[in-house]
Amino acid sequence: MSTTKEMPKAYEPSAVENKWYPLWEKRGYFHGTPDPDKKPYSIVIPPPNVTGILHLGHVLNNTLQDILIRWRKMQGYEVSWFPGTDHAGIATESKVEKTLREAGEPGRDELGRENFIEKVWDWRKQYGGTIIKQLRKLGTACDWERERFTMDEGLSFAVRKVFVELYEKGYIYRGQRMINWCPVAQTALSDEEVIYKDIAGKFYHYKYPLSDGSGFLEIATTRPETMFGDTAVAVHPEDERYKHLIGRTVDLPLTDRKITIIADEHADPEKGTGCVKITPAHDPNDFEVGKRHNLEVLSIMNNDATLNSKCGPEFDGLDRFEARKKCVRMLEEQGLMLKIEDIQHAVGYSERGDVPIETMVSAQWFCNMKELARPALEAVKNGDIKFHPERWSKTYFHWMENIQDWCISRQIWWGHRIPAWYNDETGEIFVGMEAPDEGGPWRQEEDVLDTWFSSWLWPFSVMGWPEKTEELEYFYPTADLVTGPDIIFFWVARMIMAGCEFMDEIPFKNVYFTSIIRDEIGRKLSKSLGNSPDPLDVIDTYGADALRFSIIYIAPVGMDIRYSNEKCELGRNFANKLWNACRFRQMQGPVTEGFRDLSGVDHSKLTADEKWIISWINEAIAMTNKSLEEFRFHFAAHEIYELVWNNFCDWFIETSKVRLWAGGEEKQQALQVLDFVLFKILRLLHPFMPFITEELAHQMGFLGDNETIMHERYPQPLENMKIPSIMDKDPDLLDMVEAKFQLVRAGRSLKANYGIADGKKVNYFVKAINQANAAFLKQETASLKTLLNAEHVEISLEDFDVETNGAAPSQLSNCGTIYLPLKGLIDLDEEMKKLDKQKKQLLGWIKGSEAKLSNEKFLSKAPEKVVNEAKEHLEGLKHKLQRVEELIADLK
RNA sequence: GGGCGAUUAGCUCAGUUGGCUAGAGCACUUGGUUUACACCCAAGUUGUCACAGGUUCGAGUCCUGUAUCGCCCACCA
């Protein structure tokens, strides 16, 4: 592999990204096959809606999964990330309807069921792959050969099988019940699809006159138009105000009906007027009251939420909100309206249609979840499944412990048609995998299933269930699930239930809940607000790696992210920094043989700086692996960022220049260490920034044309690498290296304070604090000269000679005091001020420290280690004070 | 009404079983084209850790309460 081609000065992501992804895919690197010699690691993607286009939520979510997949793969697991899309019944159906409408083509009802469904399939063929293509731009290592769609043959078969099984068990049933109805999509919805919003509304108080003319009842409601469906008025049985009226009737205004006053505990004497109008067909509570009292269930609404003929000719066909106005007006005209109050109240909205839903009674299919919930609840309680952050389990428990029957039928066409057939002659219902083969007037159920009724099988249906496939055997259960907390009920809970029920095994061991992404000022990202950046634009501008890294870097665990495109500069700059570090290395010569294991280096000859960087990389390796184990992604990102930028680039590369410029053996060793560290960094970073790391590993000559960084082992702490001489921990040595850097900072600071350009060569004098440091610093003179950009650095145990050199500005550090002799140019006032300030500060700290150490209780109760540290600390402070006082004396 | 979370530098946030003289990035100030990088380097400035109590030798970290903001759940007429 040639490494002589010069790298461009700045990293240019798009060419690199477009080159590698197709290669990776073509070479099958993303594909996992059952291998008994390896441990399996699998993830199923939360299938995006087939109508979807990539947004930042997907970016975060899929980057996290990709990090896990690539990391585990490099750790030696056989991995497979099962991708696919969800048919998203209501969303897709309305999307296609809209498309047809806009194209002026015949609409859904005109086309009829068969033709319309065909149109949806056409649409899916044409546009359904959009998000899948977009995911590739992000670099996701999905096992594309295993891509599935929730309406594929196999998955549809699984859905039918599950339906039949649950029906036979008696969990699934058909019944007349109160459901949520979306007037826009004109279908039933599950409870989870209803979003409650606090809305400003009116509270209407008006009269229901007693039929005998002896007075009236005052009732209060937010929805007067539902009065056409009233079949009773309820009062509390113990309510003294109304007790005597129970059993009598009122004249229902605007109608010619009389309704009975009934006694029911539902009526709360404390609330409103204590009288409640009962509308069994349109209110869940009233429905229950109606059942208790055998009241007529009087439906007054059409499917599009207009009133029906039961409401009389004046209201028939009128929209519910129009009807409300008209009702109010008529009540006022008839002198029945008492008062209208403004109130804030929660109104259920349909997720899709964004209009208030209607609760109404309807014949639908339901699934009783009680038994299914039991083992699923247990699985999280006993820790078989862990939530991260853990607190989400509370939400889960609460929902699962109060789980309601799931309304699973939808009055749309796009989806899995319910495998039930009605015999109109006999009234029989047949439920089975296929239509009943005996003759007869069997008619299949028109309804389809809730989309989530296929999604909840995803972890095993993608692997071929109910067939006992090799994949299922090997990759199930999956390891980790990465998803948003907003679908904990819709999806996560139900998958756990389905896994326990149909596989007899949990579907995943860990669930990581991602942050919710908001804009800079904390608003949710949405198309209508126009605050939702297109990730593809971001990738164009900054690069996929930059986007990935930035979003991980800024994502706090379990909290919302405040995102803005500018934040991607962080990732872009980081990528560029890494690029240039490699570029620098490459300019020094071809790759060395020791880039994997430092094999060309006599370990006993490693310099202090080299040991220092190796110890740091070791630390970073340990921390990164640990952080990923714990799903602390941003921690890992910070760890690597700091390693690369602060430790490697700012210090190590700079100090290694001494040895590189020296040439010969010294240079060879320096190159080996640089290669060794860089190759570790690239591998460490690969899961986060897959493109640039692959590119650089090749550019640097670490890998050949037919190799990939994905097949390299993820770095492990060096203890496992049998390089004992590197790891013979010499804590004093590492401390001395740190102290050296501190000394360098002090020296640079002196320069800056005196307005001397950083590049100007100067002379320094260093008084070391002791023999050991003096010896060390002497040995490091060349390094100091380079780092300080100095002509000369004199290391001594003697005092700086004020007599001959004149007073010089100085700075303390942990290994010595550094002086910048300026031949009389010193600003004495400034120096005195600086030293005075330091002295005051030191005195303050010493006082605090002494107080602490003279506290008997501290000495007796604090751990010995803490006490000793405090003592050492005080010694250090006193020593520093002494040195400051000497400097002050010198100035005088 | 119940539950959960947040409150730390101008902004966005770290701070993992209590040991901090409270950190990072961005922004800001000053200087800099040193043979990797101006997507850069160097040197700086910036804080009653929301408030009030408590536990402790020691609290940003634990406990109680208060305030503000946000999210979720709940059938309220």
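Every chain is numbered from 1, with letters handed out A, B, ... down the list of sequences.
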Of the nucleotides [options], which one has an atom closest to the side chain of [X]?
X	options	answer
A:R518	B:U16, B:C57, B:C71	B:C71
A:M587	B:G15, B:C75, B:A36	B:A36
A:E654	B:A77, B:U16, B:C37	B:C37
A:N285	B:C75, B:G70, B:C57	B:C75
A:Y196	B:A77, B:U16, B:C75	B:C75
A:W661	B:G70, B:A36, B:U21	B:A36
A:F203	B:A14, B:A77, B:C37	B:A77
A:K857	B:A38, B:G19, B:C57	B:C57
A:V276	B:A77, B:G70, B:G19	B:A77

Taking [atom1] from [X] and [atom2] from [N], how many angstroms apart are they, rounded to a whole number?
X	N	atom1	atom2	value
A:E639	B:G25	CD	P	15 Å
A:E642	B:G15	CD	P	14 Å
A:H634	B:G23	NE2	C1'	13 Å
A:H388	B:U16	NE2	C1'	15 Å
A:Q404	B:A74	CD	C1'	11 Å
A:M700	B:A36	CE	C1'	11 Å
A:R177	B:C75	CZ	P	13 Å
A:L859	B:G58	CG	P	13 Å

Handout entry: For A:H388, the option from A:Y512, A:F633, A:F631 that meets ring pair (Phe, Tyr, Trp, His ring centres under 6.0 Å)
Key =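 Exactly one pass, corresponding to A:F631.
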
Using a cut-off of less than 4.0 Å, is there contact between a side-chain N or O of [X] and OP1 or OP2 of [N]?
X	N	value
A:K657	B:A36	yes
A:K394	B:C4	yes
A:R562	B:U12	yes

Remember a base hit wins even if backbone is also touched, and classify [X] as base, sugar-phosphate or nothing at under 4.0 Å, heavy atoms.
X	answer
A:P863	base
A:K861	base
A:A267	base
A:H873	base
A:K751	nothing
A:A220	sugar-phosphate

Protein and nucleotides 39-43 of chain B: nitrogen or oxygen contacts under 3.5 angstrom:
from: B:C39; atom 1: O4'; to: A:R572; atom 2: NH2; distance (Å): 3.3
from: B:C39; atom 1: O4'; to: A:N573; atom 2: OD1; distance (Å): 3.0
from: B:C39; atom 1: O2'; to: A:N576; atom 2: ND2; distance (Å): 3.0
from: B:C39; atom 1: O2; to: A:R572; atom 2: O; distance (Å): 3.4
from: B:C39; atom 1: O2; to: A:R572; atom 2: NE; distance (Å): 3.4
from: B:C40; atom 1: OP1; to: A:N573; atom 2: ND2; distance (Å): 3.2
from: B:C40; atom 1: O3'; to: A:K577; atom 2: NZ; distance (Å): 3.2
from: B:C41; atom 1: OP1; to: A:K577; atom 2: NZ; distance (Å): 2.8
from: B:C41; atom 1: OP1; to: A:W645; atom 2: NE1; distance (Å): 2.6
from: B:A43; atom 1: O3'; to: A:S749; atom 2: OG; distance (Å): 3.4

Practice task
Would you please classify the geometry between the A:F652 ring and the A:F648 ring as parallel, tilted or perpendicular, with 30° and 60° separating the classes?
Solution key: parallel

Exercise for the section: On the 0 to 90° scale, with breaks at 30° and 60°, tag the A:F549-A:Y641 ring pair as parallel, tilted or perpendicular. Expected result: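 A:F549 vs A:Y641 ring planes: parallel.
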
Problem - Spacing of A:R583 atom CZ and A:L578 atom CG [to the nearest 0.5 Å] - result: 13.5 Å

Practice task
Could you grab the distance from atom CD1 of A:I278 to atom CG of A:D286, nearest 0.5 Å is fine?
Solution key: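 Separation between the atoms: 4.0 Å.
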
Salt-bridge present ([X], [Y]; N to O < 4.0 Å):
X	Y	result
A:D405	A:R177	yes
A:R292	A:D264	yes
A:R223	A:E358	yes
A:K834	A:E831	yes
A:K761	A:E791	no

Please state the [atom1] separation for the pair [N] and [M] - nearest whole angstrom.
N	M	atom1	value
B:U34	B:C39	P	15 Å
B:C69	B:G31	C1'	43 Å
B:A9	B:C49	P	9 Å
B:U45	B:G23	P	12 Å
B:G10	B:C28	P	15 Å
B:A77	B:U64	P	34 Å
B:C11	B:G54	C1'	34 Å
B:U35	B:A42	P	15 Å

Handout entry: Donor-acceptor pair under 3.5 Å, A:N855 side chain vs B:C57 base
Key = no

Exercise for the section: Assess A:K657 against A:F584: is NZ or CZ under 6.0 Å from the centre of the six-membered ring, and within 45 degrees of the ring's axis? Expected result: yes

Practice task
Without swapping roles, check the side chain of A:S656 against the backbone of A:I653 for a donor-acceptor pair under 3.5 Å.
Solution key: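 Judged by distance alone, yes, a pair lies under 3.5 Å.
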
Exercise for the section: Spell out, as yes or no, whether a donor-acceptor pair under 3.5 Å connects the side chain of A:Y764 to the backbone of A:G747. Expected result: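 At least one qualifying donor-acceptor pair exists.
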
Handout entry: Residue closer to the 5' end of RNA chain B, A:M623 versus A:L570 (nearest nucleotide)
Key =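 The residue closer to the strand's 5' end, by nearest nucleotide, is A:M623.
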
Practice task
Can you run through RNA chain B from 5' to 3' and write each base as (, ), [, ], | or . depending on how it pairs? Watson-Crick or G-U wobble, both distances under 3.5 Å.
Solution key: (((((((..((((.....[...)))).(((((.......))))).....(((((..]....))))))))))))....

